[in-house]
There are 4 protein chains.
Amino acid sequence: MPTKREKSKEAKKEKIIEAAVKVFAKKGFYTANVKDVAKEAGVADGTIYLYFKNKDDLLISLFEHKMRGILDTFKRALKNISDPLDQLKEFIKVYFNLIENDPDLSDVFQVELRQSTKFLKDYHNQQFSNYLNIIAGILEKGKKIGFFRSEMDIHICKIFIFGAIDEVARQWILGADAKYSLSEATEQTCDNLVKGLLAF
Amino acid sequence: MPTKREKSKEAKKEKIIEAAVKVFAKKGFYTANVKDVAKEAGVADGTIYLYFKNKDDLLISLFEHKMRGILDTFKRALKNISDPLDQLKEFIKVYFNLIENDPDLSDVFQVELRQSTKFLKDYHNQQFSNYLNIIAGILEKGKKIGFFRSEMDIHICKIFIFGAIDEVARQWILGADAKYSLSEATEQTCDNLVKGLLAF
Amino acid sequence: MPTKREKSKEAKKEKIIEAAVKVFAKKGFYTANVKDVAKEAGVADGTIYLYFKNKDDLLISLFEHKMRGILDTFKRALKNISDPLDQLKEFIKVYFNLIENDPDLSDVFQVELRQSTKFLKDYHNQQFSNYLNIIAGILEKGKKIGFFRSEMDIHICKIFIFGAIDEVARQWILGADAKYSLSEATEQTCDNLVKGLLAF
Amino acid sequence: MPTKREKSKEAKKEKIIEAAVKVFAKKGFYTANVKDVAKEAGVADGTIYLYFKNKDDLLISLFEHKMRGILDTFKRALKNISDPLDQLKEFIKVYFNLIENDPDLSDVFQVELRQSTKFLKDYHNQQFSNYLNIIAGILEKGKKIGFFRSEMDIHICKIFIFGAIDEVARQWILGADAKYSLSEATEQTCDNLVKGLLAF
DNA sequence: AATGAATGAGATTTCATTCAT
DNA sequence: CATGAATGAAATCTCATTCAT
């Protein structure tokens, strides 16, 4: 149980992370300055370094902090659904919801983290498989109960399903095509994506 | 018809672009130095600035230069195919081929260009729709002849199809999962992706 | 007579000084942080500033505090010796003893204090003459009683004698040549140094 | 044979080193900024880094560059002297000359280099033995021909002789006692130091 | 046209010092 | 008295870009 001091310490770390998400999303990780983040968080430049080892560490910590919450959200959402098709639909819905509610965070996850240092890139990909594994789980179940086609290669499908969903989300974030709402997109993505997997 | 001098000028520009592709892929756009590119290209630092306005311009020029060739490749490949399903398969095959033959280029397209400056982000998206429009063309045709379901939203589908393909390619590049060859992946991706679109 | 409270105040100041000696010796005055000293002393960073005006002041106070004890040690040791040659031998013995017993302190005296700010440098030299004056006293006496050569310039000799002793000590601390023990060195240093001064 | 370009490159490196000597002597290594050195050298800040890896490297390079010249000077000066006593006198004379002609350099050698990072400290001591070995050579010769006492421990004597000379020099630089000229000091130092070593 | 040394703005990071608790 | 989180000035170093040769 955190003492009052620890709690406020955690709160400040959180505040800096939120600021970083906002600033990195807007300016990009490399173009953004630590100074920018500090200003957004309302702290002094040096304060950042009391909570994070360096700029890279800030990005990594941000990622881990947020990732934890996101994976939880997915688990909670999928727990009570048994039909794999419904699970897949729910996965997409949750994913789009997350993005709709925090586009800045999504930008950081989808764009900023993917580049940066080679080290960070590797790191990202490694963490990234968390997402893929959720989908793999759904596919496996669906295959076992004969819902999905037996020739379907789970390993490849989990990737392309994720890619499909992710790209729809990214394009929405980038607003390149603000012509669609994410909720519309959910229907379309589900229908078309899922039908291809069915066994019958 | 270019004179000999002009030709060699073009050749040097090409050489710098190739060097940039290699260096940006390996180090990332921001982490790579202009010096690195110059060394890789075998020219002096200053020479780069005789051919490109600045570092950003090098990335953009690189993109445009390559994009032209790639779009040509696609057009040529799809020209003589009339069945939309076959066209989609061909699109995937060509895409995977491109990536297999020049993974560095793909990295730059997929990762570096997606972020960089906000300015570049916008720029990228605009160019990016060229890709998407090829897919859109295929879908439109397929819909018109009743091959694809009439409820299918072309605008969203072109995006998610691209995302699916792209992600399979990215994962292959990253080698995170070297467990699949791109040719295997082609089958799986086509089958599952396309079946969902069929009208019957 | 100090109250209990004052005593504990003095004790904490002492504790900080000891910590500073250790830390400065190991890391060097500039490379060491106030935080390091605080940690070594087992107090908070800010506490240091309740006892010392700033980092420079810590070094100066350290010096003065230690210097007092050292000069006392010398005075006590030399008090009951009348023969100047024996006094010189004793001086060397005491000096080497000090260094053997507290090499950290010696490092701070010999190395750290010598540089630092120009201000500190001046300060050091000024305090430094305390040492030299002890030697000068011995030489004067020896000259007066005809023990040391009359042409001997006390002013220069006090310096070079100190330098000789000090360097032997420094080399021992540095361990660059751990080949000699300080007690061996005492003999050699005394013999050779002193013989040159004799009048006969 | 250096080309014109290489020559001017070497010249600029030299210019920066001279500036560094001056600035480090005046302000101390840690208190001085790279900016200060750049200004003194009449170049831009960044230029320093074209010639030296970092601030530490500047100090080390400075040391090595100068050390080479100094050792040469000693070797040339001692080459044609056979009497070890005369050699020792000459050593002192040359040493004092060097210091008189370039007090700034001496300060850097004597004060700045001795502290700085632990790494530099070690480095300094290692290079330092070059000096000591010259003296050791003289002592050895003098002992062999029965000029110096046979009980004399060369290893310790080389150290204390150097210390004696060095301290006289340092005090002169510091001007703490501008009361003596270095040439006066030479006589005194030689006489007193050397007499102690004689065998008869 | 080509070179690459030089520039200097600007970014990251450190750390002595302060002050609210 | 003591604490230690916060500050922000300042230092080192990088690197895109320029320009004399």
Side-chain angles (χ1 to χ4, degrees), chain A residues 4-6 8-9 12-13 16 30-39 41-58, chain B residues 5 8-9 12 16 30-39 41-58, chain C residues 5-6 8-9 12 16 29-39 41-58, chain D residues 4-6 8-9 12-13 16 30-39 41-58:
Chain A
K4 201 171 169 193
R5 182 142 232 133
E6 275 160 3
S8 98
K9 208 174 160 183
K12 184 160 288 186
K13 193 168 184 174
I16 294 172
Y30 278 102
T31 309
N33 302 340
V34 173
K35 218 179 194 67
D36 295 332
V37 177
K39 199 178 290 172
V43 299
D45 301 11
T47 304
I48 305 264
Y49 291 87
L50 296 177
Y51 294 88
F52 307 93
K53 226 172 48 220
N54 50 38
K55 202 185 170 190
D56 277 6
D57 185 46
L58 175 53
Chain B
R5 184 142 220 121
S8 100
K9 200 176 162 185
K12 186 164 286 188
I16 294 172
Y30 278 103
T31 309
N33 303 339
V34 173
K35 216 181 196 66
D36 294 334
V37 176
K39 200 178 292 171
V43 300
D45 301 12
T47 305
I48 305 251
Y49 289 84
L50 298 175
Y51 294 88
F52 305 93
K53 219 170 61 215
N54 51 36
K55 200 185 172 191
D56 278 5
D57 183 45
L58 175 54
Chain C
R5 183 143 221 121
E6 275 162 1
S8 99
K9 200 177 162 185
K12 185 164 287 189
I16 294 172
F29 177 69
Y30 276 103
T31 309
N33 303 340
V34 173
K35 215 179 194 68
D36 294 334
V37 176
K39 201 179 289 173
V43 300
D45 302 11
T47 305
I48 306 253
Y49 290 84
L50 298 175
Y51 294 88
F52 305 93
K53 220 169 61 212
N54 52 36
K55 201 185 173 190
D56 278 5
D57 184 45
L58 175 54
Chain D
K4 201 172 168 190
R5 180 141 237 131
E6 275 161 4
S8 96
K9 209 175 160 182
K12 183 157 290 186
K13 194 169 183 173
I16 294 173
Y30 276 103
T31 310
N33 302 341
V34 172
K35 217 178 194 71
D36 295 332
V37 176
K39 200 178 289 172
V43 299
D45 302 11
T47 304
I48 306 263
Y49 292 87
L50 296 177
Y51 294 88
F52 306 93
K53 225 170 48 219
N54 51 38
K55 201 184 170 191
D56 277 6
D57 184 45
L58 175 53

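In what follows, chains carry the letters A, B, and so on, assigned in the order in which the sequence lines appear, proteins first and then strands, with residues in each chain numbered from 1.
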| said: Rounding to an integer number of Å, can you tell me how far B:Tyr49 OH sits from E:dA2 C1'? | reply: 15 Å

| Is E:dT13 paired to anything, Watson-Crick or G-U wobble with both distances less than 3.5 Å, and if yes, which nucleotide? | F:dA10

| Mapping C:Tyr51 and B:Gly46 onto DNA chain F by nearest heavy atom, which one lands closer to the 5' end? | C:Tyr51

| What does E:dT21 pair with, Watson-Crick or G-U, if both distances are under 3.5 Å? | F:dA2

| request: Determine yes or no for a side-chain-to-main-chain donor-acceptor pair under 3.5 angstrom, with C:Lys55 supplying the side chain and C:Phe29 the backbone. | output: yes

| said: Would you compute the distance between atom CG of D:Leu58 and atom NZ of D:Lys13 and round it to the nearest 0.5 angstrom? | reply: 10.0 Å

| remark: Here the distance between atom P of E:dT18 and atom NZ of C:Lys35, to the nearest Å, is 15 Å

| note | Ranking C:Gly42 and A:Gly42 by the position along DNA chain F of their nearest nucleotide, the one closer to 5' is C:Gly42

| Within this structure, what is the CG-to-C1' distance between A:Leu58 and E:dT13, rounded to whole angstrom? | 14 Å

| note | Note: A:Ala41 and A:Ile16 closest approach over all heavy atoms is CB-CA, 4.1 Å

| task | Using a 4.0 Å heavy-atom cut-off across all strands, classify C:Phe52 as base, sugar-phosphate, or nothing. | result | nothing

| said: Rounded to whole Å, how long is the line connecting atom CD1 of D:Ile48 with atom C1' of E:dT7? | reply: 13 Å

| field | Given E:dT13, F:dA16, E:dA5, the nucleotide with the shortest approach to the side chain of B:Asp45 | value | E:dA5

| request: Please report, rounded to the nearest Å, how far the C1' atom of E:dT12 is from the NZ atom of A:Lys53. | output: 15 Å

| said: Which nucleotide, if any, forms a Watson-Crick or G-U wobble pair with E:dA1, using both distances under 3.5 Å? | reply: none

| query | Looking at C:Asp57 and C:Asn54, what are the two nearest heavy atoms and their distance? | reply | N-OD1, 2.8 Å

| field | Presence of D:Lys12 side-chain N/O under 4.0 Å of E:dA6 phosphate oxygens OP1/OP2 | value | yes

| query | If only side-chain N and O atoms of C:Asn33 are considered, is one of them under 4.0 Å from the OP1 or OP2 phosphate oxygen of E:dC15? | reply | yes

| query | In terms of side-chain heavy atoms of D:Thr47, which of F:dA11, E:dA2, E:dT7 is nearest? | reply | E:dT7

| query | Is a side-chain N or O of A:Asn33 found less than 3.5 angstrom from the main chain of A:Asp36, in a donor-acceptor match? | reply | no

| field | Whole-Å distance separating the NZ atom of B:Lys39 from the C1' atom of E:dA5 | value | 15 Å

| With a non-hydrogen cut-off below 4.0 angstrom, is C:Ala32 in contact with a base, only sugar-phosphate, or nothing? | sugar-phosphate

| Nearest-Å distance for atom pair CG/C1', residues D:Asp57 and F:dT12 | 14 Å

| Distance, rounded to the nearest Å, where D:Leu50 contributes CG and E:dA5 contributes P | 8 Å

